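Keep in mind it's a predicted model, so treat the numbers as computed, not measured. Heads up: numbering here begins at 1 and tracks the sequence.
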Amino acid sequence: MKEFIESGKAVMGIEFGSTRIKAVLIDEKYRVVAQGAHDWENQLVDGVWSYSLEAIEAGVRDAYAKCAADVEAKYGVKLTKLAALGISGMMHGYLPFDAAGKLLTPFRTWRNVMTAQAAAELSELFTFNVPQRWSVAHYTQAILNKESHIPAVRWLTTLAGYVHYRLTGENVMGVGEASGMKAGVLTDRGAAWLDPTGTLQAGAVMAPPEGDAGTGMVATNAVAPKTGNVSAGTSIFAMLVLENAMKGYYPEIDVVTTPTGHEVAMVHCNNCTNEINAWMPLFGNDYRRFFQASLQGAPDCGGVVVVPFLSGEPVAGVADAMLRVVRKPGANFTFENFARAQVYSAFVSLKLGMDILSREGVTVDSLMGHGGIFKDKGIAQQYLADALKTSVTCRATATEGGPWGMAVLAAFAARNEECKMKNVNCVELEAFLAKEVFAGAASETLAPTEEGMAGFDRYAANFKEAIHA
């Protein structure tokens, strides 16, 4: 491994999550060989959820430095060169810049539910759902609000796009088939920005920057028609690769694409594990005990309901934050039922959106789960299967998440660049994932149970009452 890293063949993926920036290094077999992470939190600035550019810069440098330190500690070699590098991050949001490259407003993240008028008007104009979190909705709303910065806007980007720009000087985004193409290289200036020690050399092939939805599809090998995945973290979303176009459009369903251009029906929910994380310090941060206890709870949580909306949840029809623990008269309010209700709360909004797709006749052959909530084997995975009434598969890489998926995309970009230089045909992403990355990968599939489905349906009915009370 030392020689492999010294020769500059390793590939890195960096992802900006809502609570953690994570960098991972992978080898020629796409295994994680080193990693580093930086914890951060969004800030409420004048009523807007945001991260500062200074926090972005300090955070990515810290995550990279910790990954580089992990390399040196494990293999006794400094990380000086990369074959490829990719950046992914929280999707969408609003980062408007003027001609001089000055940010005109604090970064408005996907979490802000403040563009309802623009989203509705754009959706009606295009007969196509434009969600509130999309950059175009933020920009249009700023125009409608006659915000003073609008005349100075020269370009917009997302979080991943901004970091990619700082590293390469290229103002690009990964959309559809662009994920298999070169999007510049790591420049001297970009290398110094990422690694101020001057150890990292320029020259790494850069994959186009992606949102965390794209990396989630790659991390679960859910890029072909009739496949799908659920990515669970601070937010949660399901991506179902469509075999046929949807018949209509719905405010709860986004239509996006895979990295190679297949249409995808997406159910995106703003809230997932944040409420579980908020309660954990009261239980000694013992996630394993908490999740194990949930197995002893009733299938419907005994009438206990947790509402985890730290921010508005459009899929559930809730405009503002709503944090509640409620129970019906006569409910069995035990620790076990409370624990189960907490885990259920991470999935219930997703179920509401997925029920729409079910009525549309959208089906998948497989649904892959990934994210830290699946770490305790078989617990959240079973609850998700019961909630969505479909089998859910988790691979050994289920908890690696977006940074690993971005590293795989970067490796794919480097592979294609090499093929172009040799004037040979480039492999398609679907084949690359199926035949190289995931060939022989261990996995476990859990089917929904009758008792679990009926219980989750009762919980969902109670949940709807709780949020509309």
Side-chain angles (χ1 to χ4, degrees), residues 18-19 41-42 44 47-49 109-114 116 132-133 230 232-237 251-252 267-287 289-291 293-355 371-373 379-380 383-384 386-388 452 454-469:
S18 300
T19 58
E41 286 286 351
N42 51 193
L44 199 59
V48 176
W49 291 108
T109 78
W110 57 270
R111 172 166 274 164
N112 293 288
V113 184
M114 54 192 294
Q132 288 201 51
R133 68 184 181 281
V230 172
T234 303
S235 64
I236 186 170
F237 49 85
E252 301 88 349
V267 180
H268 181 280
C269 304
N270 289 346
N271 303 274
C272 182
T273 61
N274 47 269
E275 190 64 359
I276 298 174
N277 296 335
W279 281 86
M280 278 302 99
L282 297 182
F283 305 107
N285 289 314
D286 192 343
Y287 284 81
R289 175 175 173 264
F290 193 82
F291 274 65
S294 75
L295 292 172
Q296 305 307 313
D300 63 353
C301 305
V304 180
V305 171
V306 174
V307 181
F309 298 159
L310 183 62
S311 61
E313 190 58 81
V315 170
V318 176
D320 300 307
M322 182 185 292
L323 300 170
R324 296 176 177 173
V325 177
V326 298
R327 63 188 190 275
K328 286 195 165 187
N332 188 14
F333 192 37
T334 65
F335 173 67
E336 292 77 11
N337 281 335
F338 170 73
R340 191 158 181 148
Q342 283 280 5
V343 185
Y344 273 20
S345 76
F347 298 139
V348 67
S349 294
L350 182 71
K351 172 183 171 59
L352 302 181
M354 291 289 281
D355 285 347
I373 198 171
I379 301 176
Y383 297 160
L384 181 62
D386 293 336
L388 304 186
F456 206 104
D457 280 346
R458 290 194 296 272
Y459 178 84
N462 292 339
F463 184 87
K464 290 177 184 178
E465 289 183 27
I467 63 176
H468 297 301

- Item | Member of Tyr344, Phe291, Phe347, Tyr459 meeting the ring-ring contact (aromatic ring centres under 6.0 Å, His included) criterion with Tyr383 | Tyr344
- Task: Could you tell me whether the side chain of Ser235 reaches within less than 4.5 Å of the side chain of His268, counting heavy atoms only?
- Result: yes
- Query: Counting heavy atoms not belonging to Asp320, are there more than 12 under 6.0 Å from its CG?
  - Reply: no
- Query: With a 4.5 Å limit on heavy-atom distance, are the side chains of Arg340 and Val304 in contact?
  - Reply: no
- Geometric class of the Phe338/Phe333 ring pair [parallel <30°, tilted 30-60°, perpendicular >60°]: perpendicular
- Thr273 side chain vs Gly233 backbone, donor-acceptor pair below 3.5 Å: yes
- Under a 4.5 Å cut-off applied to non-hydrogen side-chain atoms, are Trp49 and Leu44 in contact? yes
- Message: For a 4.5 angstrom cut-off between non-hydrogen side-chain atoms, does Leu384 reach Leu350?
- Response: yes
- Task: Would you mind reporting whether Phe309 and Asn274 have side-chain heavy atoms less than 4.5 Å apart?
- Result: no
- Message: Using a 3.5 Å distance criterion without hydrogens, assess whether the side chain of Asn337 forms a donor-acceptor pair with backbone atoms of Gly303.
- Response: no
- May I ask you to decide if Ala116's main-chain N or O and Gln132's side chain share a donor-acceptor pair within less than 3.5 Å? yes
- Between Gln296 and Thr334, is any pair of side-chain heavy atoms under 4.5 Å apart? no
- Say whether, by atom type as modelled, one donor and one acceptor occur between the side chain of Asn270 and the main chain of Pro314 under 3.5 angstrom. no
- Between atom OG of Ser349 and atom CD1 of Ile467, what is the distance when rounded to the nearest 0.5 Å? 7.0 Å
- Query: With a cut-off of 6.0 Å (strictly less than), are more than 12 heavy atoms of other residues, nucleotides or ligands near CZ of Arg327?
  - Reply: no
- Task: Indicate yes or no for a side-chain donor-acceptor contact from Asn112 to the backbone of Thr109 under 3.5 Å, with no hydrogens or angles considered.
- Result: yes
- Task: Check step by step if side chain to side chain contact (heavy atoms under 4.5 Å, CB included) holds for Arg111 and Leu310.
- Result: CA-CA 9 Å; Arg111 172 166 274 164; Leu310 183 62; 3.8 Å; yes
- Report yes if the side chains of Ser311 and Asn271 come closer than 4.5 Å at any heavy-atom pair, otherwise no. yes
- Is the Trp279 to Phe290 ring centre distance short of 6.0 Å? no
- Ignoring hydrogens and geometry, is there a side-chain-to-backbone donor-acceptor pair from Lys351 to Ala387 under 3.5 Å? yes
